[in-house]
Protein chains: 2
Amino acid sequence: MVDAQAQVRPGGRSAKVRAAVHHAVAQLLAEEPAEALTIPAIAARAGVHPTTVYRRWGSAAQLLGDVATSRFSGDVVVPDTGTLTGDLERWLGDVATDLTDPDTLALIRATIGSGPDGGCACLGDRHEQLSAIIERERSRGGRAPEVEHAADFLLGPLYYRAIFSAQPASSDWARELVATFLAASEALAA
Amino acid sequence: MVDAQAQVRPGGRSAKVRAAVHHAVAQLLAEEPAEALTIPAIAARAGVHPTTVYRRWGSAAQLLGDVATSRFSGDVVVPDTGTLTGDLERWLGDVATDLTDPDTLALIRATIGSGPDGGCACLGDRHEQLSAIIERERSRGGRAPEVEHAADFLLGPLYYRAIFSAQPASSDWARELVATFLAASEALAA
DNA sequence: CCACTAACGCAACGATCAGTGCGATAATTT
DNA sequence: AAATTATCGCACTGATCGTTGCGTTAGTGG
């Protein structure tokens, strides 16, 4: 959304300001509670004038959405281990590891609280990544579950535990999740 | 937490104020974006002086947690249809129906964004309810899945879709979820 | 029925925030 | 290289927020 403006003139300065502001948001969320995430505080941390932030992003909610989408897009590489199980275990394990970081969780929480579209922004391109993994398995000739089902039973429990439950969602647990899901998927298909 | 004070003197007025403030929070969240949920605004809507809210709850985050816990506790009756499938379908369907309401979603989002404990507050006594359903099935002599697994694969996808994905989590879909989960659970146990 | 005290309303204060012209700077174009 | 224009910094304003001290109201117990 803001990229439309940034692409008009992406010369060094705008990009620097954008990076500094993004970094300041992540940094502040890691330290202070979410309600302390005010525009003047962000601007001060980023070494930028508050007016700049007001003009470029308008509100803290839009800024948070911008930070989340760029933070959660392209952050995890889609693996290619040769098997569906290996790909899913590797990928979901990486996603789970990312969700282990308290700072990452703070960003997700704040983004969700910023508006109705905050949750989607936190997913980034997770669904595209999952779809790519499943598509690759099909191109191998293997039988793979539906993307929607995989998202529901893999990403669902993972994000549920990370956000709602107090239980930590470790990388090992994510691998168990994949095993359980694939076994159930096989059993039901037969 | 605040109940400890309220129980000291729960005579009419305190309870009235508490109810009015809770109602005002839900009402404001349904209309304005979350960042407009300021103490003076809540107090004005509740017909109460801002000082009162500051003194009783301290911050908007604690107030939101209080509202969420009392909103999501005891709001769904644990059914007793005679079968595990029936109980789960009925119960998860009710939970899903509740999550269909945009105002409810707004409350959940804001509560999550208010702090690390916000997510747990939004669950209320869901896990206790689920545990009660499963315990009852076991007391009938039936074989029921683990509570943790049920929470992961039932509540997980449901809340994931409601908060992160843009897809609506309807009551019908919740019933399908129960069927899929129980079938997979049976297949893996055999 | 009366004393007691918790809870609330009121008024004021300092601090901070969101927003607005205007000039300066730097990237882009001709 | 010069003109152009998007972007940023600065100074200023109005509004709102969070907080505190004090008086008043209304439940609670003797």
Side-chain angles (χ1 to χ4, degrees), chain A residues 1-25 27-29 31-67 70 110 113-115, chain B residues 1-25 27-29 31-67 70 110 113-115:
Chain A
M1 41 189 140
V2 187
D3 295 335
Q5 298 179 2
Q7 282 171 2
V8 171
R9 179 168 287 196
R13 193 164 67 158
S14 290
K16 260 189 178 23
V17 169
R18 180 183 150 100
V21 170
H22 277 216
H23 195 68
V25 168
Q27 211 169 339
L28 276 179
L29 275 178
E31 301 172 4
E32 317 274 343
E35 59 254 26
L37 195 76
T38 174
I39 306 279
I42 298 171
R45 179 64 65 102
V48 167
H49 205 270
T51 318
T52 302
V53 182
Y54 281 118
R55 281 205 245 266
R56 280 191 62 158
W57 285 278
S59 70
Q62 290 177 329
L63 172 55
L64 264 175
D66 192 26
V67 171
S70 70
S114 71
Chain B
M1 42 195 134
V2 188
D3 295 335
Q5 297 179 4
Q7 281 172 1
V8 171
R9 181 167 286 197
R13 193 163 68 157
S14 289
K16 260 188 178 20
V17 168
R18 181 183 150 100
V21 169
H22 277 216
H23 196 68
V25 168
Q27 210 169 339
L28 276 178
L29 275 177
E31 301 172 3
E32 317 274 341
E35 59 253 26
L37 195 76
T38 173
I39 306 278
I42 297 171
R45 178 65 65 102
V48 166
H49 205 269
T51 317
T52 302
V53 182
Y54 282 118
R55 280 206 247 265
R56 278 192 61 160
W57 286 277
S59 70
Q62 289 177 331
L63 172 55
L64 264 175
D66 192 26
V67 172
S70 69
S114 71

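Naming convention: chains lettered A, B, ... in sequence-line order (proteins, then strands); numbering from 1 in each chain.
Here the CG atom belonging to A/Leu37 is positioned 4.5 Å from the CG atom belonging to A/Leu29, to the nearest 0.5 angstrom.
Separating the CH2 atom of B/Trp57 from the C1' atom of D/dT19 is a distance of 18 Å, rounded to the nearest angstrom. Rounding to whole angstrom units, NZ of residue A/Lys16 and C1' of C/dA27 are separated by 14 Å. With rounding to whole Å, B/Ile42 atom CD1 is found 13 Å from D/dG18 atom C1'. In this structure, B/Leu63 atom CG and D/dG18 atom P are separated by 12 Å, rounded to whole Å. In this structure, the CD atom of B/Glu35 is 17 Å from the C1' atom of C/dT16, given to the nearest Å.
Listed here is the closest heavy atom pair of B/Ala34 and A/Gly113: CB-O, 3.3 Å. Listed here is the closest heavy atom pair of B/Ala41 and B/Ala36: CB-O, 4.0 Å. Between A/Leu64 and A/Val25, the shortest heavy-atom distance links the atoms CD2-CG1, 4.0 Å. Considering every non-hydrogen atom in both B/Ala20 and B/Ala46, the closest pair reads O-CB, 3.6 Å.
Applying the side chain to side chain donor-acceptor pair (under 3.5 Å) test to residues at least two apart or on different chains, the pairs with a partner in residues 36-53 of chain B are B/Glu31-B/Arg45, B/His49-B/Thr51.
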Verdict with reasoning, B/Asp66 to B/His22, per side-chain contact (heavy atoms from CB on, under 4.5 Å): CA-CA 8 Å; B/Asp66 192 26; B/His22 277 216; 3.2 Å; yes

Heavy-atom protein contacts under 4.0 Å, nucleotides 18-23 of chain C, coded B base, S sugar-phosphate only, - none: BSBBB-

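Put simply, A/Ser14 has no side-chain N or O that comes within less than 4.0 Å of OP1 or OP2 on D/dT7.
The side chain to side chain contact (heavy atoms under 4.5 Å, CB included) test applied to B/Ala60 returns B/Ile39, not counting sequence neighbours.
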Dot-bracket notation for DNA chain C, counting Watson-Crick and G-U pairs under 3.5 Å, with | for partners on another strand: ||||||||||||||||||||||||||||||

